[in-house]
Amino acid sequence: MNIERLFFGTACAAMSFALAPEALAGGFMLQEQSQLEIGRAFSGGAAAADSPSTIFYNPAGMTELDGLQITVGATALFIDSSQKNMGTTRSGPGATPAQPVDGGDGGNPFAPVVPVPTSYASWQVGDSGLWLGLGISAPYGLKLRYDKSYFGRYESIYSNLLTINAQPSFAYKLNDALSVGGGIDIQYADVTLTNAGPGLTPSDPDGLARVSGDDVAVGWNAGLLLKLEGGVRLGVHYRSRIKYQLKGSYEISGLTGALAAGNGNYAIRSPLTVPDSVTASISAPVDDRTRLMLTGRYYNWSLFENITLRFASGMTGIKEYNYKDSWSVSAGVDRKLNDRMTLRTGAMFDKSPTNEAFLSTRVPDGDRIWASAGMSYALTDRMTLNASYAHVFIGRQTMERTEGFYGGEISVTTISRNSGNVDMIATSVTTRF
């Protein structure tokens, strides 16, 4: 067997690499950047401007925050996700015609509790009309691990994406009606993914492919906040795409017999661009205690077409995803009960960007409907507790994906139906100085 042909085929088959989405938001984007916003299903978005978390959603909103304010919080995600084998097969030596792939359903690949922490600080610089801010968040992420013996192991076993985003920001009040703001996104990404490689015949042991890489990249964001008569606020925010050059290694191990020559560790790099997005929001009072909010978002996911691995030898492997642009819309209401207590609720529809023809078991994803509720309680004149709960209903999807291994010597067709939902509990504390 031609060794270069073997190696290239193995590399392409391992390319479930980098950033297959998780079941929490469109693609691999995490919506959970504010524990307060979760309670109204992110309907406050670019217009609410009632917490330092506005730094993420629209920095111009800092002009509504007096003095120095700090918010620290975390969201606990409880994710139920499962895969059902709908007829996965392999073909090739010893499997002609195609034979069923053995293995269980992989179990729930998510940890019992998935934490998502955030922190924000905004500072009014005297009477200058200038505000400065800093946000620390994780805008993209996933971590899932299937049982090694499950039927979809040739498509995915382990996926771990960690991002950390530092966002120094500013806001400036041009006049009593209009504020502008913006920030720089300094973002670190670290990725590790694995999947099994089939033995030459069904009786041969599997190999294991592992891809890892990391990089630091920079983007930017900017927004406007317009205050109209009657307390109405309009907000618009743009967040730029961010281009990574992930650098790391591709390793395959455990192959035996004629495939053993494919075992090894090789340096790779992989270009990756995460999408830009636009948010538009309106916040309007109904009376002196009730405020309605509406937010729409557009995500430029169509730029995420494939993952490409580039080796030092000049060899290149490509795995197609062909995402589609997506959108979300949310509505919510805040009701102030008294000077200390505010209640809120909201709902959101979030369209998945995944392409039905290129689904992956790394993508336990579908259209999502959010239902949420929350509250804020003033513990003191300078400290407020925010708490929220949300349930996310995730639409089922059935995938059928064929992967070629070892230059087409073996092919595996994974047919799986995923289902799942998410519960989340979020808390944060905002302190004003």
Side-chain angles (χ1 to χ4, degrees), residues 24-26 29-62 64-65 69 71-77 116 118 120 122 135 137 139 223 225 227 231-237 277 279-298 327-338 340-351 368-378 384-393 421-430:
L24 306 182
M29 184 179 293
L30 293 175
Q31 298 273 18
E32 298 79 10
Q33 304 307 315
S34 166
Q35 292 73 35
L36 186 155
E37 279 292 332
I38 287 173
R40 56 193 177 213
F42 311 102
S43 59
D50 54 0
S51 161
S53 62
T54 190
I55 290 168
F56 185 86
Y57 297 102
N58 183 4
M62 285 191 289
E64 296 298 302
L65 306 178
Q69 298 194 25
T71 291
V72 177
T75 303
L77 307 175
V116 181
T118 61
Y120 303 94
S122 68
S137 60
L225 183 68
K227 297 170 65 176
V232 176
R233 295 175 186 163
L234 301 176
V236 178
H237 181 249
S277 62
T279 301
S281 305
I282 182 171
S283 173
V286 176
D287 54 42
D288 59 355
R289 290 183 176 271
T290 308
R291 180 170 287 271
L292 297 178
M293 302 180 194
L294 180 67
T295 288
R297 292 185 177 88
Y298 170 81
W327 53 273
S328 66
V329 61
S330 57
V333 58
D334 278 17
R335 173 70 177 177
K336 188 174 183 179
L337 297 184
N338 52 52
R340 288 192 176 273
M341 175 77 76
T342 299
L343 299 182
R344 58 184 57 92
T345 187
M348 178 171 69
F349 177 78
D350 192 8
K351 180 70 175 175
R368 288 155 303 282
I369 296 175
W370 291 62
S372 63
M375 54 81 70
S376 293
Y377 183 78
T384 300
L385 171 68
N386 307 299
S388 299
Y389 167 79
H391 182 82
V392 185
F393 304 87
N421 57 73
V422 182
D423 290 287
M424 59 187 71
I425 297 174
T427 59
S428 65
V429 173
T430 299

Heavy-atom closest pair, residues [X] and [Y]:
| X | Y | value |
| --- | --- | --- |
| Trp327 | Asp350 | O-OD1, 3.7 Å |
| Ser372 | Gly39 | OG-O, 3.3 Å |
| Ile55 | Pro59 | O-CG, 3.4 Å |
| Val232 | Ala284 | CG2-CB, 4.1 Å |
| Ser122 | Met62 | CB-SD, 3.6 Å |
| Ile38 | Ala426 | CD1-CB, 3.8 Å |

If you measure from [atom1] on [X] to [atom2] on [Y], what distance do you get to the nearest 0.5 Å?
| X | Y | atom1 | atom2 | result |
| --- | --- | --- | --- | --- |
| Thr427 | Leu36 | OG1 | CG | 12.0 Å |
| Gln31 | Met424 | CD | CE | 9.5 Å |
| Arg233 | Ile282 | CZ | CD1 | 12.0 Å |
| Arg40 | Leu292 | CZ | CG | 12.0 Å |

Worksheet item: Run the side chain to side chain contact (heavy atoms under 4.5 Å, CB included) check on Tyr389 and Asp423 step by step: do they pass?
Response: CA-CA 8 Å; Tyr389 167 79; Asp423 290 287; 2.4 Å; yes

Discussion item. Are more than 12 heavy atoms, taken from residues, nucleotides or ligands other than Tyr377, located less than 6.0 Å from that residue's OH atom?
Written reply: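 Not more than 12 within 6.0 Å, no.
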
Worksheet item: Tell me, do Tyr120 and Ser137 make a side-chain contact under 4.5 Å, heavy atoms counted?
Response: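 Yes; the side chains approach each other to less than 4.5 Å.
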
Worksheet entry | Heavy-atom check, side chain of Glu64 versus side chain of Leu225, under 4.5 Å |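 Yes, side chains in contact.
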
Fill in: Any side-chain donor near an acceptor of the partner, Arg344 and Ser376, under 3.5 Å
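Side chains of Arg344 and Ser376: pair found under 3.5 Å.
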
Discussion item. With a 4.0 Å cut-off on N to O distance, would you call Arg291 and Asp50 a salt bridge?
Written reply: no

Discussion item. So that I can tick it off, tell me whether Asp287 and Lys336 are bridged by a salt bridge, with the cut-off set at under 4.0 angstrom between side-chain N and carboxylate O.
Written reply: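 The answer is no: the pair does not qualify as a salt bridge.
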
I'd like to know if the side chain of [X] reaches the main chain of [Y], judged simply by a donor and an acceptor atom lying under 3.5 Å from each other, with no hydrogens or angles considered.
| X | Y | result |
| --- | --- | --- |
| His237 | Tyr57 | yes |
| Arg340 | Ala378 | yes |
| Thr345 | Ala373 | no |
| Ser51 | Ser53 | yes |
| Glu37 | Gly44 | yes |

Worksheet entry | Partner set under salt bridge (Lys or Arg N to Asp or Glu O under 4.0 Å) for Arg289, not counting sequence neighbours | none

Worksheet item: Passes side chain to side chain contact (heavy atoms under 4.5 Å, CB included), Asn58 versus Thr279? Steps please.
Response: CA-CA 9 Å; Asn58 183 4; Thr279 301; over 6 Å; no

Fill in: Candidates Ser281, Ser43, Ser283 - the one meeting side chain to side chain donor-acceptor pair (under 3.5 Å) with Thr295
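When Ser281, Ser43, Ser283 are each tested with Thr295, the side chain to side chain donor-acceptor pair (under 3.5 Å) holds only for Ser281.
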
Worksheet entry | Identified side chain to side chain donor-acceptor pair (under 3.5 Å) counterpart of Thr118 within the set Glu32, Gln33, Gln35 | Gln35

Practice prompt. Kindly determine whether Ser330 and Trp370 satisfy side chain to side chain contact (heavy atoms under 4.5 Å, CB included), including the steps that lead there.
Written response: CA-CA 9 Å; Ser330 57; Trp370 291 62; over 6 Å; no

Worksheet item: Stepwise, does the side chain to side chain contact (heavy atoms under 4.5 Å, CB included) test hold for Leu343 with Val333?
Response: CA-CA 8 Å; Leu343 299 182; Val333 58; over 6 Å; no

